[in-house]
Amino acid sequence: QVQLVESGGGLVQAGGSLRLSCAASGRTFSSYSVGWFRQAPGKDREFIGHITYGGGSLFYSDFVKGRFTISRDNAKNMVYLQMNSLKPEDTAVYYCATSTSYSSRGYERDYNYWGQGTQVTVSS
């Protein structure tokens with residue numbers, strides 16, 4: 001079993017940056033791919049991107065458009081989401097989740113363990 005804890009959220013002005021962290025427990029963390037999702041008020045949870053077991057492959061949603069970057073450090077059981085050029089529409093609760101699949105189609109059902117989320121608010 002894997003437990004995930006997100007951190008690094010907060011209030012930032014439009015155009016600013018944040019780096020979210022996802023800390024994982026469990027010795028088998030390096031055998032999981034990890035995805036990032038977000039959920040804005042009143043909207044469905046949305047896929048952001050996915051990093052494979054060893055970090056060698058990345059998959060992103062089109063709306064990321066080079067603004068967000070996912071990375072991982074398996075020695076530290078950590079995954080990161082670097083977000084630049086933030087916009088007010090990026091305001092949401094951000095989640096990390098693990099998957100046993102190598103790649104991702106962005107479906108929530110493909111992810112088995114989820115963190116509790118961290119709030120990101122971007123002011124205009």
Side-chain angles (χ1 to χ4, degrees):
Q1 188 169 353
V2 176
Q3 291 185 324
L4 304 172
V5 179
E6 301 93 338
S7 62
L11 175 63
V12 63
Q13 288 188 332
S17 298
L18 279 175
R19 187 177 82 154
L20 304 185
S21 298
C22 174
S25 65
R27 292 177 292 177
T28 61
F29 176 67
S30 60
S31 63
Y32 289 96
S33 294
V34 176
W36 282 96
F37 290 77
R38 69 183 186 182
Q39 187 167 24
K43 295 187 177 181
D44 293 334
R45 193 145 50 184
E46 177 179 41
F47 174 73
I48 297 171
H50 173 101
I51 186 166
T52 53
Y53 317 133
S57 294
L58 295 158
F59 304 87
Y60 293 104
S61 286
D62 289 343
F63 77 84
V64 170
K65 293 182 181 178
R67 297 188 300 127
F68 294 0
T69 303
I70 298 173
S71 61
R72 70 188 295 165
D73 184 342
N74 284 339
K76 296 181 179 179
N77 276 11
M78 297 291 293
V79 176
Y80 305 99
L81 176 64
Q82 177 68 43
M83 304 187 294
N84 300 324
S85 303
L86 284 163
K87 306 173 183 179
E89 51 264 43
D90 293 319
T91 295
V93 178
Y94 284 70
Y95 301 89
C96 61
T98 58
S99 172
T100 56
S101 299
Y102 179 79
S103 61
S104 178
R105 297 168 295 172
Y107 298 144
E108 291 183 51
R109 62 176 180 264
D110 293 334
Y111 294 82
N112 46 5
Y113 298 110
W114 291 79
Q116 83 292 344
T118 185
Q119 175 71 47
V120 171
T121 302
V122 184
S123 63
S124 58

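Atom set for the values below is all heavy atoms of this structure, side chains included, hydrogens, waters and symmetry mates excluded.
Under the 6.0 Å cut-off for aromatic ring centres, Trp36 and Phe68 do not qualify, their centroids lying 6.0 Å or more apart.
Cation-pi check for Arg105 over Tyr107 is not met; the charged atom does not lie both under 6.0 angstrom from the ring centroid and within 45 degrees of its normal.
Inter-residue side-chain proximity for Ile70 and Tyr60 is flagged as met; some heavy-atom pair is nearer than 4.5 Å. Residues Arg45 and Trp114 have side chains in contact (heavy-atom distance under 4.5 Å, counting atoms from C-beta outward). At least one side-chain heavy atom of Val79 sits under 4.5 Å from a side-chain heavy atom of Phe29. At least one side-chain heavy atom of Leu11 sits less than 4.5 Å from a side-chain heavy atom of Ser123. The closest side-chain heavy-atom distance from Glu46 to Asp44 is not below 4.5 Å. By the 4.5 Å heavy-atom criterion applied to side chains, Ser31 and Tyr53 are not counted as neighbours.
For the pair Ser25 (side chain) and Gln3 (backbone), a donor-acceptor distance under 3.5 Å is present. Looking only at distances, no side-chain donor or acceptor of Tyr32 sits under 3.5 Å from a matching main-chain atom of Val2. Although no hydrogens or angles enter the test, the distance criterion places no donor-acceptor pair under 3.5 Å between the side chain of Gln119 and the main chain of Gly9. Using modelled atom types, one side-chain atom of Ser33 and one backbone atom of Ser101 make a donor-acceptor pair closer than 3.5 Å. In this structure, the side chain of Asn84 does not engage the main chain of Gly16 through any donor-acceptor pair within 3.5 Å. No donor-acceptor pair closer than 3.5 Å links the side chain of Thr52 to the backbone N or O of Gly54. Here the side chain of Thr91 pairs a donor or acceptor atom with the backbone of Val122 at under 3.5 angstrom. In terms of modelled atom types and a separation under 3.5 Å, the side chain of Gln39 and the main chain of Val93 share no donor-acceptor contact.
Residue Asp90 comes nearest to Arg67 through the heavy atom pair OD2-NH1, 2.8 Å, listed as atom of the first residue, atom of the second, then distance. In plain terms, the two heavy atoms of Ser124 and Pro88 that are nearest each other are CB-CG, 3.9 Å. Taking each heavy atom of Ser57 and Tyr102 in turn, the nearest pair found is OG-OH, 2.8 Å.
Heavy-atom contacts from other residues, nucleotides or ligands closer than 6.0 Å to CD of Gln116 number more than 12.
In the hydrophobic clustering of ILVMFWY residues, with side-chain heavy atoms under 4.5 Å counting as a link, Leu4 and Phe37 come out apart. In this structure, Phe63 is a member of the same hydrophobic cluster as Leu86, with clusters built from ILVMFWY side-chain heavy atoms closer than 4.5 Å. Hydrophobic clustering (ILVMFWY, side-chain heavy atoms < 4.5 Å, transitive): Val64 and Tyr94 are in one cluster. Criterion: ILVMFWY side-chain heavy atoms under 4.5 Å apart, direct or through other members. Under it, Leu58 and Leu81 are part of a common hydrophobic cluster. Under the 4.5 Å side-chain heavy-atom criterion for ILVMFWY residues, no single connected hydrophobic cluster contains both Ile48 and Tyr95.
Distance check: Cys96 SG to Arg38 CZ gives 15.5 Å after rounding to the nearest 0.5 Å. The OG1 atom of Thr98 sits 10.5 Å away from atom NE2 of His50, with the distance rounded to the nearest 0.5 Å.
By the 30° and 60° cut-offs, the orientation of the rings of Tyr111 relative to Phe47 is tilted.
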Tell me, with the steps shown, if Asn112 and Thr100 meet side chain to side chain contact (heavy atoms under 4.5 Å, CB included).
-> CA-CA 8 Å; Asn112 46 5; Thr100 56; 3.8 Å; yes
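Side chain to side chain, Asp110 and Ser99 fail the donor-acceptor criterion of an N or O pair below 3.5 Å.
Screening Met83, Met78, Gln82 for a side-chain contact (heavy atoms from CB on, under 4.5 Å) involving Tyr80 leaves a single residue, Met78.
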